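This is the structure, below, for whatever I ask next.
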Amino acid sequence: MKKNASTIYAILVTLLLATGFLFAFYFAQKAGVGAMIACLVGLFLGFVLAPIVHETGHILFACVFHMRVVYAKFFCFKIYERAGKTRFTFASPFAPDQTQVIPKNGGNMQKRAKAYTLGGLILGGLFFALVLTFALIFNKFFLWGILPYAGYLVLLNIAPCYYESGKTDMLVYIGLKRGYDAEKTMLSAMEIQGRLYAGERFSDIERKWFFDLPQLAEDEPLYAVILDLRYRYYLDKGDILGASDCLNRLVCAQEYLLGEEREKLAAELAYIYTLQNDREKAEESGKCARNFLQGDSATAKRVLLAFTYVFGGEERKEAVETLKEQAQSAIANERIKGVALLEQELISRLA
């Protein structure tokens, strides 16, 4: 569905949501103050439970099909991985809900991706049907209050639409089923990630998964994802020119990257400029990646180690040894074995 049609559909579904709220509250106020309070409690529960159920559907299907959840945001909660640990924190309820996963191995990726994509719709639909059934049986106003938003999320995602926040689950599913360019690239990226998680190195994975793919537009999220994977493939191969070309193409598309992704890009630019002995550009890129380089990821430690090793001067030995220890600790915490192997290899080359 085109963006204009998607916008119209979203408006219609939102109007249905508002109508559902009004109907529930209208009948509740006719039944008395207690019913009104119960309805309002239900409305709040709907806002909280519906997105949790939807994302839980993605998570459950991801686990069934051997995928690891690395990020999940629902309502005002967020779960993510950092430095090898799973962390839980609060998040803005207005930020888009989403779940990100990494396959634990390769193979049968289309079937697995399709199941994971539909997981939210399936569990969300079951939740709506269950609440509706109990509402009809027991006629409780807090159940009627839950229904509008639960139905809204199902309707919003069951149509193949493209909203400002991205594609709906159904649109991604159709793309996977029909082999659209973005989804074809997504399957290749997932295949690479699965093999990396299982312990293969970038350089050991067949070249076709990185390069035998359709050309995507720069504003397509998978454009940056596959370029980043190609960059690391070239690094593992020792092809600095190929790696530099990938970074330059990412720079041209950086207006479509998120803030954290831009910092990671700047950090890798600092690394490449360091290898090219261009201190001025390395320092300039490093300033743009200041927050990322203060983190404890293996990539951040590798970039700092390279810069210190090349430009540290005569008194660099102590700093280099400290950064090496930190880098080894970060690599030990890296759960994707292929990424850990790459970082280990890049650090060993500095010696």
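The shown structure was predicted, so the numbers you read here are calculated from the model rather than taken from an experiment.
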Examine distances only and state if a side-chain atom of Asp236 and a backbone atom of Ser203 form a donor-acceptor pair shorter than 3.5 Å.
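Yes.
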
Of all heavy-atom pairs between Ala270 and Val303, which one has the smallest distance, and what is that distance?
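Distance-wise, the nearest heavy atoms are CB-CG1, 4.2 Å.
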
As a quick check of understanding, evaluate side chain to side chain contact (heavy atoms under 4.5 Å, CB included) for Tyr26 and Leu22, giving each step before the final call.
CA-CA 6 Å; Tyr26 171 76; Leu22 290 173; 5.9 Å; no

Students often mix this up, so state it plainly: with edges at 30° and 60°, are the rings of Phe77 and Phe88 parallel, tilted or perpendicular?
parallel

Not counting sequence neighbours, list each pair that qualifies as a side chain to side chain donor-acceptor pair (under 3.5 Å) and has a residue in residues 145-159.
none

Single-linkage hydrophobic cluster, 4.5 Å side-chain cutoff, Ile272 and Leu305 together:
yes

Determine the interplanar angle of the Tyr233 and Phe211 rings, folded into 0 to 90°, and report it as parallel if under 30°, tilted if 30 to 60°, perpendicular if over 60°.
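Perpendicular.
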
Calculate, to the nearest 0.5 Å, the distance between atoms CG and CG belonging to Leu12 and Leu17 respectively.
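Output value for this atom pair is 12.5 Å.
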
With rounding to the nearest 0.5 angstrom, report the OG1 to NZ distance, Thr322 to Lys324.
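Rounded to the nearest 0.5 Å, the OG1-NZ separation comes to 11.0 Å.
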
Selection residues 93-114 - residue pairs positive for salt bridge (charged side-chain N to carboxylate O under 4.0 Å, His left out), sequence neighbours left out
Lys73-Asp97

Looking at Leu147 and Ala135, what are the two nearest heavy atoms and their distance?
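Of all heavy-atom pairs spanning Leu147 and Ala135, the closest is CD1-CB, 4.2 Å.
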
Just so I know, are the side chains of Gln276 and Ser244 near enough to count as touching, which here means a heavy-atom distance under 4.5 Å?
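Yes, close enough: below the 4.5 Å cut-off.
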
Please test His66 against Asn105 for side chain to side chain contact (heavy atoms under 4.5 Å, CB included), starting from the C-alpha separation and ending with a verdict.
CA-CA 7 Å; His66 308 290; Asn105 52 16; 4.3 Å; yes

Quick one: do Ile240 and Ile347 end up in the same hydrophobic cluster if we chain Ile, Leu, Val, Met, Phe, Trp and Tyr together by side-chain heavy atoms under 4.5 Å apart?
yes

Gap separating the CG atom of Leu222 from the CD atom of Glu220, nearest 0.5 angstrom
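If we round to the nearest 0.5 Å, Leu222:CG and Glu220:CD are 5.0 Å apart.
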
Could you walk me through whether Ile37 and Val33 pass the side chain to side chain contact (heavy atoms under 4.5 Å, CB included) test, one step at a time?
CA-CA 6 Å; Ile37 294 174; Val33 176; 4.0 Å; yes

Of the non-hydrogen atoms in Phe141 and Ala35, which two are nearest, and what is the gap between them?
CD1-CB, 3.5 Å

How would you list, by chain and number, every residue that makes a side chain to side chain donor-acceptor pair (under 3.5 Å) with Arg230, sequence neighbours excluded?
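Side chain to side chain donor-acceptor pair (under 3.5 Å) list for Arg230, sorted by chain: empty.
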
Report the residues that fulfil ring-ring contact (aromatic ring centres under 6.0 Å, His included) with Tyr231, sequence neighbours left out, ordered by chain and then residue number.
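Residues passing ring-ring contact (aromatic ring centres under 6.0 Å, His included) with Tyr231: none at all.
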
Could you list the residues that satisfy ring-ring contact (aromatic ring centres under 6.0 Å, His included) with Phe138, not counting sequence neighbours?
Phe134

Scan residues 175-185 for pairs that pass salt bridge (charged side-chain N to carboxylate O under 4.0 Å, His left out), counting only residues two or more places apart or in two chains.
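Sorted result for residues 175-185: Lys167-Glu183.
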
Mark yes or no for whether Gln294, through its side chain, and Asn291, through its backbone, hold a donor-acceptor pair below 3.5 Å.
no

Can we say Glu268 and Arg232 salt-bridge, meaning some charged N sits less than 4.0 Å from an Asp/Glu carboxylate O?
yes

Under 4.5 Å between side-chain heavy atoms, counting indirect links through other Ile/Leu/Val/Met/Phe/Trp/Tyr residues: same cluster for Met170 and Leu16 or not?
yes

Check whether Leu176 and Met67 end up in the same hydrophobic cluster, where Ile, Leu, Val, Met, Phe, Trp and Tyr are linked by side-chain heavy atoms less than 4.5 Å apart.
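Per the 4.5 Å side-chain linkage, Leu176 and Met67 are co-clustered.
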
Considering all heavy atoms of both residues, which atom of Ile79 and which atom of Thr86 are nearest to each other, and what is their separation?
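Result for this residue pair: CG2-CG2, 3.6 Å.
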
For the backbone of Ala224 and the side chain of Asp228, can you confirm whether one donor and one acceptor N or O come within less than 3.5 Å of each other?
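Not confirmed, Asp228 side chain does not pair with Ala224 backbone.
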
So Leu265 and Gln254, do their side chains get closer than 4.5 Å, heavy atoms only?
yes

What's the shortest heavy-atom distance between Ala267 and Ala289, and which atoms?
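Result for this residue pair: N-CB, 3.5 Å.
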
Side chain to side chain contact (heavy atoms under 4.5 Å, CB included) between Val101 and Val70, worked out:
CA-CA 5 Å; Val101 299; Val70 296; 5.9 Å; no

Glu191 side chain to Gln193 side chain, donor-acceptor N/O pair below 3.5 angstrom
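The answer is no; no qualifying pair exists.
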
Counting N and O atoms only, with roles assigned by atom type, does the side chain of Glu218 sit under 3.5 Å from a partner on the main chain of Tyr223, one being a donor and the other an acceptor?
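Not at all, since once roles are kept as given, no pair shorter than 3.5 Å links the two residues.
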
Can you check whether Lys140 reaches Leu143 side chain to side chain, under 4.5 Å on heavy atoms?
yes

Strictly distance-based, threshold 3.5 Å: is any side-chain N or O of Thr168 a donor or acceptor partner for the main-chain N or O of Ala159?
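Yes; judged by distance alone, with no hydrogens or angles, the pair exists.
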
Which residue is it: Phe27, Trp144, Phe47, Phe44? I am looking for the one with a ring pair (Phe, Tyr, Trp, His ring centres under 6.0 Å) to Phe21.
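So, applying the ring pair (Phe, Tyr, Trp, His ring centres under 6.0 Å) to Phe21 and each of Phe27, Trp144, Phe47, Phe44, only Phe47 qualifies.
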
Identify the two heavy atoms, one from Tyr116 and one from Thr99, that lie closest to each other, and give their separation to 0.1 Å.
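Between these two residues, the closest heavy atoms are OH-O, 2.6 Å.
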
Looking at the rings of Phe307 and Tyr271, which for Trp means the six-membered one, are their centres under 6.0 Å apart?
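Not close enough - the centres of the two rings lie 6.0 Å or further apart.
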
Do Val310 and Arg279 come close enough that some side-chain heavy atom pair is under 4.5 Å?
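Of all side-chain heavy-atom pairs linking Arg279 with Val310, none is under 4.5 Å.
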
Distance (rounded to the nearest 0.5 Å) between Leu40 CG and Leu45 CG:
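Reported to 0.5 Å precision, the distance equals 11.0 Å.
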
Checking Tyr309 side chain against Leu350 main chain: does a donor-acceptor pair fall under 3.5 Å?
yes

Show your working on ring pair (Phe, Tyr, Trp, His ring centres under 6.0 Å) between Phe74 and His54 and close with a plain yes or no.
CA-CA 8 Å; Phe74 35 82; His54 183 92; over 10 Å; no

Could Glu206 and Arg195 be called an ion pair, given the rule that one side-chain N must be under 4.0 Å from one carboxylate O?
yes

Do the charged groups of Arg349 and Glu345 touch, with an N to O distance under 4.0 Å?
yes

When you compare the side chain of Phe65 with that of Asn108, does any pair of heavy atoms fall below 4.5 Å?
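In short, these two side chains do not touch, never coming nearer than 4.5 Å.
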
Is the side chain of Asp278 donor-acceptor paired with the backbone N or O of Thr274 at a distance under 3.5 Å, no angle test?
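Judged by distance alone, no pair lies under 3.5 Å.
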
Stepwise side chain to side chain donor-acceptor pair (under 3.5 Å) check, Gln326 with Gln328:
CA-CA 5 Å; Gln326 293 175 353; Gln328 293 301 328; over 6 Å; no

Check: Phe292 main-chain N/O paired with Glu263 side-chain donor or acceptor under 3.5 Å:
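A pair under 3.5 Å: yes.
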
Heavy-atom check, side chain of Ile146 versus side chain of Phe128, under 4.5 Å
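With C-beta onward as the side chain, the pair stays apart.
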
Student check: side-chain heavy atoms of Ser285 and Tyr273 closer than 4.5 Å
yes

Please test Lys287 against Glu283 for salt bridge (Lys or Arg N to Asp or Glu O under 4.0 Å), starting from the C-alpha separation and ending with a verdict.
CA-CA 6 Å; Lys287 290 177 182 178; Glu283 289 180 340; 6.0 Å; no

How long is the span from the CG atom in Leu235 to the CG atom in Leu275, to the nearest 0.5 Å?
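Nearest 0.5 Å value for the CG-CG distance: 8.0 Å.
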
Is there a donor-acceptor pair closer than 3.5 Å between any side-chain N or O of Ser6 and the backbone N or O of Tyr162?
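Between the backbone of Tyr162 and the side chain of Ser6 there is a qualifying donor-acceptor contact (under 3.5 Å).
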
Does a side-chain heavy-atom distance below 4.5 Å link Tyr197 with Val339?
no

